[in-house]
Structure formats: structure tokens, C-alpha cells
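Encoded as C-alpha cells, the structure appears first; notes follow it.
Indexing begins at 1, ligand by ligand and atom by atom, following the structure's order. Fair warning: this is a prediction, and the values are worked out from it, not measured in the lab.
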Amino acid sequence: MSDNSSNAIDALQWENRRFPPSEAFKDQALVAGTFMYDTAAQDDLGFWAQQAAELIDWSTDWETICEWNLPFAKWFVGGQLNVSYNCLDRHVLAGRGDKVAFHWVGEPGDTRTVTYSDLLAETQRFANVLKGLGVGRGDRVNIYLPMIPEAAVAMLACARIGAAHSVVFGGFSAHSLRDRINDAEAKVLITADGGYRRGDVFALKPVADEALESTPSITGVVVVRRGGNEVAMQEGRDHWYHDLMAAADPVCAADPMDSEQLLFLLYTSGTTGKPKGIMHTSGGYLTQVAFTHKYVFDLHDDDVYWCTADVGWITGHSYIVYGPLANGATQVMYEGVPNFPGNDRFWEIIESYGVTKFYTAPTAIRTFMKWGIEEPAKHDLSSLKVLGSVGEPINPEAWMWYHEHIGGGRCPIVDTWWQTETGGIMISPLPGATTTKPGSATFPLPGIGAELVDENGVRVDRGGGYLTLTRPWPSMLRGIWGDQERYRETYWSRFDGRYFAGDGAKLDDDGYLWLLGRVDDVMNVSGHRISTTEVESALVAHPSVAEAAVVGATDATTGQAIIAYVTLRGGAEVTEQDLRNFVGEEIGHIAKPKAIYFTPDLPKTRSGKIMRRLLRDVAEGRNLGDTSTLADANVVTELQRRAADVPAED
Ligand code: WTA
């Protein structure tokens, strides 16, 4: 276990408050007892087959529920479906075309209401646009968009014609976008001129242009007009979305696809410098995201659900696009930041749309805590029924604040643990069935096998261990694009027959799971996964930098903060801000270190390995124990002296 994890275990030891669902909540809940857990425990494959049959429309039935050749799974083998049909057509055909799919709220205050009929019409046209640009089944399409309805349209249009999308978060740099396009060998890029963020337009197309200088596979670029900022359009390659849409055929059939048809790639940081293209396919993925969205949020027909994630992350894929739309839910989609124009923007949106189910991240909650209870108190939040948390461990204090000041003491909180790789929620309360404890994600969902093991892979029933998943699940990743060896090595080699998630966790005396954070070299900054190696590679790419070590240090708001230690080349001069900006250009602004310390030397073992754990101790201001294995102990004393200075903020 890492030091981080053992500290967290101590901090959680006292937490024993319990919150059972109220009788009123249970009365209306989809699941109030244990029957779903019991059914799944008897026959998990049968359980998933039942969900797939109930929640999804198939054009051909499957022959085999799950084919498992460790580490490769196939689900609902032989079955055929169209994911976009399941998210759109079937709701319209059932007479629900006028139901609102998205109440979209632009940051400057403009709004759009998009019904299921609207979304279907737009998706069909855009599917034809893609076909017109030469995109067909099996091709890859990159998406680099702000939080606008066109992001969902673009994803669904790909799904409709069997092309795989690869969405890149708008905060990533040109270099990151270029690398992801090239790794996927995408044919088409869908982007926008720009989007709104904190009152300003941030440019996307100009950033994309820089990436497009070295992306030989791209033959067409579609640009949505949103920011109104000036952009250059390259003749023959670049097209305005509105022009292509106006000329497109309005009808595009939803052809059946194989259950294992690649639905999307989503790149995520691993422990090396190179991001992994996580592969997700169709039938199993849609089944699990529809199932979890329905039962974890206790979805009712009149709900207004709002997930504050960006579509650039897995949460946006599974719990803004595929899960909620498969379930025919009405959602809020918001373009901007929580503090524009005021710190109460989220609460204002909840009040004006009567949001009932709200899903956000602990970092956001801790930020709201800093802004004070008077912000939510300005608004009537009594429409809320269930609150969700995702992305990082939620500390009991933030949990309690969320419960009291947002949920009015009456809303169950679902702390949902999962990953880009798992595709859907794995560990979470069911709000009408589970007694929660502040800070615990509680239990694996029905049909999911999760266990802790020690260093040697031996099962741990009480206390701390490594989180593993014991059997395949429908929305599990199907591998890493172009590198199945890395897939096996990363997830399936550490513990025999088990998926290793990379997280530490603890089981308390009542069998509740407490997630404790990553145990590998992946940092979790504001719920965003960033690898230490990736930031180090970016830093050493700067001509002035000789060597760099990066650690994630505990941070009261963002969970972890990126702290870098840098040794410059002889005679080189560069400022901390220059280097931070350089990392921003190499990876994206989310990867900029919070602080960079210049040091003539990095602490190394006698064999030359950088002592990261020690650097983290320095960054977190901890007393250092034995430094006798260190090549030069003076380095540490010097670093400690510097770390005592206040680090820079963005
Ligand atoms: C962390 C986000 C504690 C965890 C859906 C995991 C969490 C990583 C929780 C995946 C939670 C996510 N409690 N930790 N409820 N949810 N994590 O791929 O470390 O961006 O491995 O997926 O976030 O991050 P990813």
C-alpha cells in the first residue's frame, strides 16, 4: 500500500455514521430490498442477460451471454443491435418524441431545448454527413468539442453507422489531440470554432489546426459554429457543420451492428507516458450503462437528471450520452464553469429546471464548500432526490456537506466507483436499498464481483488491500487499441485471474468498501487521471530541463495536486511559469503542475532510482524517516526548505 492509502485508512477509522434510505424514499424506489442482489448472486450471467433483454432492443438475439477467454471477454455474442436506435428511435417510435432529451444551458445564458425527435433528426442527418465524408463501419472519428448538443449528435451519428468515436477533452492541447488522432488513425475530426469558459471564448479549431499539421489519416474536418471566434478553413478539408447539415439527406437507417462492434475509444493515462486507447463495444456496454443509470439513480419517467461531467471523459460518455439516452431520460447539459457569472450557477440551474438527480465530483463539492453555504441557500433545491459522486474518493466532511446543504438532509448519496476501463459503475449504493456511510462507496452492484487482495494476491476480508474485479462484466474494456499485450500486462498480470484496478481500498467490519485512491503512478487531480510519467516526459521535452520528477501531493480541494521537481541543464534559465505553460502546451492545462521546484539534484537511491515516495513526503510536508539509502541526503534538506514556500496557483 502507498503511504497515501495508509493515511487515509487512519482518517476513516472513526467514520461510523449511518444513513438508511427514508421510508418515503423506499416507497417510491425501483429497488428497496435485496432481491436484485440475491438474484444476481445465484446466477450473474442470467442476471445480466435479463437486464440486456429488459433494457435494450435487439434486432437479433444473442446466442451466448458471455464468452470469457481471460483477459478477453465478449458479451451477448451473436446478438445485433444499433446503439443509436436504442438511444433515439425507439423512444420516438413509442410516442415519446416530444420528451425533452436535453435542456441545454450555454454558459453566457443562451438555452436550447432538444427533444428526442430533434435529436433523432439531427443524428440521422449527421450520420449522412459522415457517410458523405467517406466514414463507414469500423472507421474512427475524432471529436474535439465543447459541451454542446452537437457532441451527443456526433457520438450517436458514429454509433448509427458503426464508426468508432474517439472524443478528446477540449482542455487537451494540440499535441495531445494529434497523438490521439494518430494512434486511432481517425479519418474525420469534428470540432468547433470555440466554446465558452468562464465568460470567454476558448478556441478549439485553431488548436486543432496545429494538431492537423501532422495527422495524415484525417481527410475531413467538420466545424460547429459556437464561439463565433475567427477560424481559418482549409479548402477541401474543412467544412462548416451547418452547411453540411443543410445539404444532408434527413433519413439514415439504423443498421444492426454486432454486439461486439467497436463503439468508441477513449484515451486515458497509464503509468507510462503514452495514453491508452481504451476500447468499448456495443451490446454489453449499453446494457451496463443503461442498467446502472436506471438503478443507481433510481430513474423515474419525470426525472430531470444532471451530470456535470464533460463528454470528453468516460462519465460524459456513459452518464450523459449512452446510459441516460438509452433510458429515455430528460437531462440538463451545461456548457460552462460553476462560477460564471456567480458562484451559485449550478444551484440556479437546479432550481430553474427542477433537477431531481444530480451527479458531480468531490472536487466540485469541496470547491462549493469553500464558496460557502450561502450560495446554495439562495436557491430552492427541494426538487432534488438523489445525489451522486464520482471520480475520486469523497471525504466524509464533503459527503456530509453535500448531504446537508445540497440534499437538504433528505437525498440518498450514491458514491459511485468505476473507471474508464470499467465503462460503467461497479461499486455504489442503490439509493433505496443501501444504508450509506459518509465516504464509503459501500458494495459492488448486483452482478459485479469485487474483492481486495494483499501483495501476494491473497483475499483480504477486513482491512486494507488492492481492489480487484473477480469476473468479467458487460461494459468492461475489450482491450487497449493497438496494444493487447499492454492490456494483459497492465490489468491482468499482477494478480492471477483478477483484474487489477490500480486502486487501494479498505473493508470495514461491516463489509463496506472505502476507496483510498491510486496505488500506482497515476495522479487524480480534480477527478482527472494524469500520469506522473506523462508530466515528466513533457517537462524533459523542454530544452532547458535536464531531469524531472513529478508526484501527486494531497490537496484539500483537488484531491491531489501536481508537484514537480526539476533539474535544469547547465547554464539554462527558465521560469516556473514558462515551464508550467510548456506542460500546458504539451499535454493540456489540466496537467500544469501546481508548483515546480528547481533543484540542483533529485533524491536518488544509490542505484540511481528517483525516490518519488520521499518527494511526495516532502511535498506534503511530512517528516522524513530514514534517508540512509539516499545518494545525497542534503538534496532533501534543501527541497524541504523550498517546499515550505507557498506554491504558485494558476
Ligand atoms: C478514481 C472516472 C474513489 C479511482 C469514472 C479510479 C474513485 C479512477 C471513484 C478512474 C470513487 C473514480 N471513489 N475513487 N467513487 N470514482 N475514482 O478513468 O482512482 O477517469 O481508478 O474514471 O478514479 O478514473 P477515470
Side-chain angles (χ1 to χ4, degrees), residues 2 4-5 8-9 12 167 169 171-172 264-271 275-280 288-289 292-293 296 307-320 322-323 359-366 387-396 398-399 402 413-429 436-445 448 450 466-469 475-477 480 490-491 499-506 512-531 552 554 558-560 590-591:
S2 74
N4 265 0
S5 308
I9 292 176
L12 290 170
V167 184
F169 172 57
F172 278 118
F264 64 85
L265 301 178
L266 185 58
Y267 285 81
T268 188
S269 291
T271 50
K276 304 174 278 196
I278 301 300
M279 295 161 66
H280 282 289
Q288 189 168 338
V289 296
T292 48
H293 178 253
V296 170
C307 167
T308 67
D310 188 283
V311 284
W313 308 107
I314 190 68
T315 307
H317 284 60
S318 301
Y319 298 105
I320 295 178
Y322 293 112
Y359 195 22
T360 195
T363 292
I365 298 166
R366 290 189 293 263
L387 303 177
S389 172
V390 60
E392 31 171 342
I394 179 165
N395 47 312
W399 196 103
Y402 199 26
I413 293 182
V414 288
D415 173 11
T416 62
W417 179 89
W418 58 294
Q419 308 178 297
T420 303
E421 292 87 340
T422 70
I425 298 171
M426 305 292 282
I427 301 173
S428 167
T436 54
K437 296 188 188 184
S440 167
T442 72
F443 310 105
L445 287 175
I448 299 298
Y466 298 101
L467 178 64
T468 66
L469 302 169
S475 64
M476 72 185 268
L477 73 166
I480 296 176
T490 308
Y491 304 104
Y499 170 92
F500 173 46
D503 280 48
K506 178 203 150 186
Y512 281 66
L513 275 163
W514 301 77
L515 277 305
L516 302 172
R518 306 286 309 188
V519 293
D520 54 12
D521 289 330
V522 176
M523 299 174 284
N524 190 331
V525 182
S526 301
H528 301 151
R529 274 165 75 169
I530 301 163
S531 96
T554 304
T558 58
Q560 285 190 310
I590 54 168

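Trp418 pairs by the side-chain hydrogen bond (donor to acceptor under 3.5 Å, both in side chains) definition with Tyr359, not counting sequence neighbours. Every residue two or more places apart in sequence or in another chain that forms a side-chain contact (heavy atoms from CB on, under 4.5 Å) with Ser531 is listed here: Ser269, Thr533, Glu534. The side-chain contact (heavy atoms from CB on, under 4.5 Å) search around Phe169 returns Phe172, Asp310, Trp313, Ile590, not counting sequence neighbours.
Remark: the Thr422 side chain and the Tyr499 side chain contain no N/O donor-acceptor pair separated by less than 3.5 Å.
No side-chain heavy atom of Met426 sits less than 4.5 Å from a side-chain heavy atom of Met476.
Ligand 1 is surrounded by Ile314, Thr315, Val390, Gly391, Glu392, Pro393, Asp415, Thr416, Trp417, Trp418, Gln419, Thr420, Asp503, Leu515, Arg518, Asn524, Arg529, each with at least one heavy atom closer than 4.0 Å.
Under a 3.5 Å cut-off, the side chain of Tyr319 and the backbone N or O of Ile425 do form a donor-acceptor pair.
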